[in-house]
Amino acid sequence: MKIWRTLLLSAAFLLTPVASFAKPVLSAGEFSVGAEFFPFNGLATVRTGLQVDGIRQVAPQMGFNLRYAFNQQFAVLGNLGFFHRIQDGPDPNTYYSVGAGMEFNFVSTQSTAALFKGGLQFIPRPDGADQDLGIRIFMGPGVEARVSDALSLQIYSPLIDLQVGGHSTDFDFNLLPNLALFVYF
């Protein structure tokens, strides 16, 4: 995993000079598809113990994002996440998430933006072998750079994360960033 992380970050730094010729992060009527993941699993699991039902390296914000921009400041988001582990013996629960939200770019230059995004997700909550559907409300800041006409790189942290449902209610305040790559159509 470290090799992929190093290659990805190296590619982002090498592509950064191309950003001066790129479009703004959001353009009116533009559709983009992204993959969001949590690249700092080692830090999260060792330092904070983040895990889902004993399965490490899983965070509810991981998954695919669909984004439609109304203008250079506002976009609507849709997201879909899925996780299932196959192991010897009984398999653990399958985790999924489906949600929607908004993105607001409050500071925007030619190819970079400081953003704030938030939304609502429906996620399962484990309770023995059954899963009760829970609701996740998240919001937080981030930055995004459009490194070419068809690709952008976003670093985002769900600063405030409230999960309600199942057998417990969780409120997280965190600064552990997520990394997302968006491809534009």
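Side-chain atoms are counted along with the backbone in the values below, which use heavy atoms only and exclude waters and symmetry mates.
- Interatomic distance, CD of Glu144 versus CG of Leu181, reported as 10.0 Å (0.5 Å rounding).
- Taking each heavy atom of Val25 and Ser111 in turn, the nearest pair found is CG2-O, 3.6 Å.
- The line from OG of Ser32 to CD of Gln154 is 9.0 Å long, rounded to the nearest 0.5 Å.
- Taken from CD1 in Ile160 to CZ in Phe138, the straight-line distance is 12.5 Å, to the nearest 0.5 Å.
- To the nearest 0.5 Å, atoms CD (Glu36) and CD1 (Ile155) are separated by 11.5 Å.
- You'll find the side chain of Val33 stays beyond 4.5 Å of the side chain of Phe182, heavy atoms only.
- Qualifying side chain to side chain donor-acceptor pair (under 3.5 Å) partners for Gln73, counting only residues two or more places apart in sequence or in other chains: none.
- Looking at every heavy atom in both residues, Ala69 comes nearest to Ser27 through CB-O, 3.3 Å.
- Going from atom CG of Leu26 over to atom OH of Tyr184 covers 6.0 Å, rounded to the nearest 0.5 Å.
- With Leu115 as reference, Asn105 is the one residue of Val107, Val143, Asn105 to meet the side-chain contact (heavy atoms from CB on, under 4.5 Å) rule.
- Here the CD-OG distance, from Gln121 to Ser97, works out to 4.0 Å after rounding to the nearest 0.5 Å.
- Note on Val98: it does not cluster hydrophobically with Leu66, by side-chain heavy-atom contacts below 4.5 Å among ILVMFWY residues.
- Every pair passing salt bridge (charged side-chain N to carboxylate O under 4.0 Å, His left out) that includes a residue from residues 98-112 is listed here, sequence neighbours excluded: Arg67-Glu103.
- Cation-pi contact between Lys117 and Phe104: absent, since separation from the ring centre below 6.0 Å together with deviation from the ring axis within 45° is not met.
- Transitive grouping of hydrophobic side chains (ILVMFWY, heavy atoms separated by less than 4.5 Å) brings Met139 and Val164 into a common cluster.
- Side-chain atoms of Asn79 come within 3.5 Å of backbone N or O of Gly99 as a donor-acceptor pair.
- In the hydrophobic cluster analysis, where Ile, Leu, Val, Met, Phe, Trp and Tyr join through side-chain heavy atoms closer than 4.5 angstrom, Phe106 is grouped together with Val76.
- Sequence neighbours left out, not one pair with a member in residues 174-185 passes salt bridge (charged side-chain N to carboxylate O under 4.0 Å, His left out).
- A centroid separation of less than 6.0 Å is found between the aromatic rings of Tyr68 and Phe70.
- Residues Glu30 and Pro24 are not in side-chain contact: their nearest non-hydrogen atoms beyond the backbone lie 4.5 Å or more apart.
- Under the 4.5 Å side-chain heavy-atom criterion for ILVMFWY residues, a single connected hydrophobic cluster contains both Leu162 and Met102.
- Phe64 CZ: 12 or fewer foreign heavy atoms inside a 6.0 Å radius.
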